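What follows is a single structure, written as structure tokens, with notes after it.
Keep in mind that what you see is a predicted model, and the values were worked out from it rather than measured. All values below were derived from every heavy atom in this structure, side-chain atoms included, with hydrogens, water molecules and symmetry-related copies excluded. Note on naming: letters A, B, ... go to the chains in the order of the sequence lines (proteins, then strands), and numbering restarts at 1 for each one.
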Number of protein chains: 2
Amino acid sequence: MTDRPRRGRRPGDPAVTRTGILEAARSVFAESGYERATIRAIAERAGVDSSLVHYHFGTKQDLFVAAHDFPISPATLRAVLEGGEGTLGERMARTYLTAALSGGSLEAFVRAAISNPTARLLLKEFVESAFLDAFEGRIEGPDARLRMALAASHLVGIFMARRIVGIDAIADADLETIVRMVAPSLDRYLGGEPAA
Amino acid sequence: MTDRPRRGRRPGDPAVTRTGILEAARSVFAESGYERATIRAIAERAGVDSSLVHYHFGTKQDLFVAAHDFPISPATLRAVLEGGEGTLGERMARTYLTAALSGGSLEAFVRAAISNPTARLLLKEFVESAFLDAFEGRIEGPDARLRMALAASHLVGIFMARRIVGIDAIADADLETIVRMVAPSLDRYLGGEPAA
DNA sequence: CCCTCAATTCATCAATCGATGAAAAAGGGG
DNA sequence: CCCCTTTTTCATCGATTGATGAATTGAGGG
């Protein structure tokens with residue numbers, strides 16, 4: 001990592017270099033958003049020439065897609081659905097907020113989605129299919145999908161406030177406190193009553 | 001607007017040109033976000049040379065600030081606080097969602113805040129002072145500020161879902177329907193009970 | 001051990017962008 | 001009506017960026 005790299009192929013596993021680039025891409029995208037992130041910055045963080053990034057992943061957009069396969073795993077989804085302690089809203093808040101606030105993956109996604117149409121579509125697709133569709137059928141009553149979306153958007157808003165905008169009251173609060181406060185609101189959306 | 005502009009000062013009021021640039025700036029910033037928006041595109045939309053933009057407003061960041069003085073007016077705030085029909089949460093949801101979803105001003109702000117540190121600070125400042133501070137004292141109970149911020153973040157999330165990401169369920173829904181569904185959640189935050 | 005192929009850097013291009021400085025045209029006070 | 005100021009376009013610079021092609025070096029099969 002500290003060697004002066006000469007030209008040509010270097011010893012060791014090329015796969016390490018590849019995943020290193022992906023990791024660097026994720027972190028730079030998360031920090032700077034899609035537009036501001038430069039291939040050169042990603043390459044530098046990976047300790048690699050910028051051409052190598054293109055060689056492995058093609059265009060910048062290809063790299064972004066490759067680096068962000070799946071923000072939240074299906075396993076996470078199952079954990080939310082197939083109970084445990086607490087209400088559904090509580091599990092949902094805790095699981096998604098923890099996942100979103102820990103890694104940089106979703107942050108990169110959201111940041112990128114703001115300015116880049118492709119990333120925006122990916123995010124929309126992710127939320128609608130892997131999120132709304134997954135819960136569909138488990139939530140009853142009229143407007144089920146809209147109520148689901150409202151619950152999800154609440155979490156997105158909290159994520160934005162804490163991670164992107166940095167509203168103090170939310171950024172400084174204990175995560176579990178937030179979860180306990182938010183859970184009843186989510187349960188109200190997921191519970192079924194049509195809201196007067 | 002359709003004339004071939006020769007060089008030099010043009011007849012008519014220069015203030016018209018100025019406000020035209022500001023308007024163009026708002027719309028381009030809203031569409032593209034801060035990074036993607038180019039001075040050249042703004043100038044073209046205003047029917048003006050790009051240098052004129054610099055002449056009037058200096059740097060790109062200066063222009064952004066000048067174009068987005070205040071997303072939501074103090075008058076709007078008062079309308080929310082000093083009742084009328086419905087609960088506080090209902091007035092809050094209706095007023096802010098309408099304001100945020102109608103003009104392009106807040107959209108530009110949010111988009112810009114994602115990638116530009118200055119815009120991010122402006123947005124944070126706006127939310128925290130003109131929003132949280134304004135309600136402070138009117139909301140009782142422990143964690144008042146956090147609960148306020150949760151209510152605000154819920155609205156931000158809905159705005160994101162509808163305007164930025166374009167989640168169908170929320171984008172297609174009637175605004176008044178959303179307001180009625182969300183209001184009880186907001187009231188819960190603003191009402192005072194500490195949430196078990 | 002050689003020869004091909006994959007991995008990697010170097011050099012460089014074309015495009016774009018923000019910004020500046022000079023030139024041209026209209027306004028307006030004296 | 002003249003002259004200085006303001007407003008506007010034109011020309012251009014320097015920096016940055018994504019991308020490409022050639023050169024160099026290691027890996028690995030035969």
d([atom1], [X]; [atom2], [N]) in whole Å:
X	N	atom1	atom2	answer
B:D13	D:dT8	CG	P	9 Å
A:R36	C:dC17	CZ	P	16 Å
A:I39	D:dG18	CD1	C1'	7 Å
B:E44	D:dT9	CD	C1'	15 Å
A:R40	D:dT20	CZ	P	13 Å
B:D49	C:dA24	CG	P	15 Å
A:F57	D:dG18	CZ	C1'	16 Å
A:K60	D:dG18	NZ	C1'	8 Å

Residues B:E125, B:R120: salt bridge by 4.0 Å N-O rule: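 No, no charged N to carboxylate O under 4.0 Å.
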
Side-chain ion pair, A:D13 and A:R18, N-O less than 4.0 Å: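 No salt bridge links A:D13 with A:R18.
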
Base, sugar-phosphate, or nothing for [X], non-hydrogen atoms under 4.0 angstrom?
X	result
A:L52	base
B:T38	sugar-phosphate
B:A37	sugar-phosphate

N or O in side chain of A:H56 less than 4.0 angstrom from C:dT8 OP1/OP2: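 Yes.
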
Heavy atoms of other groups near B:E44 CD, more than 12 under 6.0 Å: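 Counting other residues, nucleotides and ligands, CD of B:E44 stays at 12 neighbours or fewer.
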
[X] has a side chain; which of [options] sits nearest to it?
X	options	answer
A:R9	D:dC10, D:dT8, D:dA27	D:dA27
A:R7	C:dT20, C:dC10, D:dA27	C:dC10
A:R10	C:dA19, C:dT8, D:dA19	C:dT8
B:Y55	D:dA19, D:dT8, C:dT20	D:dT8
A:P11	D:dT8, C:dA19, D:dG26	D:dG26
B:H54	D:dA27, C:dA19, C:dC10	C:dA19
B:S50	D:dG18, D:dT8, C:dA19	C:dA19

B:Y34 backbone acceptor or donor facing B:K60 side chain under 3.5 Å: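 Side chain of B:K60 to backbone of B:Y34, a donor-acceptor pair under 3.5 Å: yes, one is there.
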
Donor-acceptor pair present, A:S51 side chain and D:dT20 base, under 3.5 Å: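 Present.
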
Pair B:Y189 and A:H154, ring centroids less than 6.0 Å apart: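 Yes: the rings meet the under 6.0 Å criterion.
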
